[in-house]
Amino acid sequence: MIRLVVAPLNYSSWSVRAWLALDHAGAEFKTHEIALFVDPNWRNKVLQFSGAGKVPILIDGNLSIHEALAIAEYTAERFPKAQLWPDDPQLRARARAVSSEMSTSFLNVRNEMPMNYRGRASQCSPSAEASAEIDRILDIWNASLSTSPGPFLFGEFSIADCMYVPVLSRFRTYGLPMHGQVAAWEERIWQQRSVAKWTKLAEQSIAIPKYDVLL
Ligand SMILES: N[C@@H](CCC(=O)N[C@@H](CS)C(=O)NCC(=O)O)C(=O)O
């Protein structure tokens, strides 16, 4: 059976992305959680699965894949019926582009606003660099939703939605406003079956104090 090695799902945005893709695909898989920054042996435990030293890691037989987007791509190929990418080539190309952009960009948002699904920040003053990234993220969401056949970013729930769910969680934690079609998409996201399953796991996740004290 496939195993997905993750960090606690309240905090680990990259783990959540891979977890959502697998769950939405209907894959039978076991979630193997390593208590990052809490278990004194966490680093060695991660290194046992991948020399990259980061989670998520998908284990399928002898195969070990790191990088959330690569895991989502593998899931899309292994479970084609789930249609994790849109059928339409133009929508698919754009979904891939914004998914890669998420994977490689927004460093200031990621550093200044760590994901903490159940946490609420008492205040948030993003730097100029993070604010510019927030604007770019809102542009991506608005442009995608404006041309989407609905109900998600590129039609049905896709890897692009998986990639941005943790960002929506950050917007909520740090009280960043969302309006119009973005607010409506957010509503649909929290009700989406796999996302709702993840939020239940996040609620039960162990605490990582070094992140909780930041709020
Ligand atoms: N680009 C990687 C990022 C993975 C990543 O940074 N994971 C974090 C947890 S969310 C991690 O393993 N951190 C441990 C460390 O940096 O030592 C991906 O897409 O999977």
Side-chain angles (χ1 to χ4, degrees), residues 2-25 27 29 31-60 63-78 84-85 95-119 130 133 137 140 153 158-174 194-195 198-199 201-215:
I2 291 177
R3 252 190 311 167
L4 185 68
V5 183
V6 299
L9 292 174
N10 183 57
Y11 307 92
S12 178
S13 59
W14 298 107
S15 301
V16 168
R17 293 175 172 112
W19 189 94
L20 285 174
L22 274 170
D23 188 77
H24 185 66
F29 70 105
T31 305
H32 178 114
E33 186 184 274
I34 296 176
L36 248 65
F37 309 116
V38 174
D39 180 338
N41 202 25
W42 70 266
R43 199 174 285 284
N44 286 334
K45 287 189 176 170
V46 174
L47 284 168
Q48 275 171 9
F49 292 103
S50 163
K54 291 189 191 302
V55 292
I57 305 153
L58 180 141
I59 309 291
D60 190 7
L63 177 72
S64 158
I65 315 171
H66 62 291
E67 291 290 325
L69 190 50
I71 294 172
E73 290 274 9
Y74 178 73
T75 305
E77 289 187 9
R78 193 133 162 0
L84 280 173
W85 289 120
R96 282 203 154 108
V98 301
S99 297
S100 297
E101 188 172 348
M102 178 62 247
S103 209
T104 55
S105 313
F106 313 129
L107 291 179
N108 297 286
V109 168
R110 278 151 56 184
N111 289 337
E112 291 176 33
M113 296 177 225
M115 192 181 89
N116 189 335
Y117 171 75
R118 44 176 194 232
E133 292 175 359
I137 290 167
I140 289 174
L153 287 176
S158 75
I159 289 173
D161 296 283
C162 298
M163 294 301 286
Y164 283 94
V165 163
V167 185
L168 269 184
S169 171
R170 286 178 162 100
F171 272 51
R172 208 170 72 146
T173 294
Y174 296 91
S194 297
V195 176
W198 158 57
T199 59
L201 294 177
E203 293 288 1
Q204 295 154 17
S205 162
I206 63 148
I208 303 185
K210 85 166 198 163
Y211 289 123
D212 288 339
V213 296
L214 298 176
L215 296 180

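We number each residue from 1, following the sequence as shown. Start at 1 and go down the list; that is how both ligands and their atoms are numbered. Worth knowing before you read on, the calculation uses all heavy atoms, side chains too, and leaves out hydrogens, waters and symmetry mates.
With hydrogens left out, the protein atom closest to atom 16 (O) of ligand 1 is Lys54 NZ, 2.8 Å, a heavy atom. Given atom 14 (C) of ligand 1, the protein heavy atom at minimum distance is Leu36 CD2, 3.8 Å. Of all protein heavy atoms, the one closest to atom 4 (C) of ligand 1 is Val55 O, 3.3 Å. Atom 9 (C) of ligand 1 has Ser12 OG, 3.7 Å as its closest protein atom, hydrogens excluded (heavy atom only). Considering only non-hydrogen protein atoms, atom 1 (N) of ligand 1 sits nearest to Glu67 OE1, 2.9 Å.
In this structure, of Pro8, Ser50, Ala68, the residue bringing a heavy atom nearest to atom 20 (O) of ligand 1 is Ala68.
Looking at Asn10 and Tyr211, their side chains never bring a donor and an acceptor atom within 3.5 Å of each other. A donor atom on one side chain and an acceptor atom on the other are not found under 3.5 Å apart for Tyr174 and Asn116. Judged purely by distance below 3.5 Å, without hydrogens or angles, the side chains of Asn111 and Asn108 never pair a donor atom with an acceptor atom. Between the side chains of Trp85 and Glu73, a donor-acceptor pair is found at a separation under 3.5 Å.
Ligand 1 does not have Ser15 within reach: every non-hydrogen atom of the residue lies 4.0 Å or more from it. Between Met115 and ligand 1 there is no heavy-atom distance shorter than 4.0 Å.
Considering Asp161, Leu69, Leu153, Thr104 as possible partners of Ser99, the one that fulfils the side chain to side chain contact (heavy atoms under 4.5 Å, CB included) test is Leu69.
The closest side-chain heavy-atom distance from Asp60 to Arg78 is below 4.5 Å.
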Would you list the atom pairs, donor with acceptor, under 3.5 Å between side chains in residues 48-59 and any protein atom, with sequence neighbours excluded?
unit_1, atom_1, unit_2, atom_2, d
Ser50, OG, Ala52, N, 3.0

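The proximity of Arg17 to ligand 1, defined as any non-hydrogen pair under 4.0 Å, does not occur for either the backbone or the side chain. Residue contacts with ligand 1 for Ala7 are absent, since no atom lies close enough (heavy atoms, distance under 4.0 Å).
Of all atoms in ligand 1, listed by their number and element, those nearer than 4.0 Å to a heavy atom of Pro56 are 20 (O).
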Pair Val167-Met102, side chain to side chain contact (heavy atoms under 4.5 Å, CB included): steps then yes or no: CA-CA 9 Å; Val167 185; Met102 178 62 247; 3.5 Å; yes
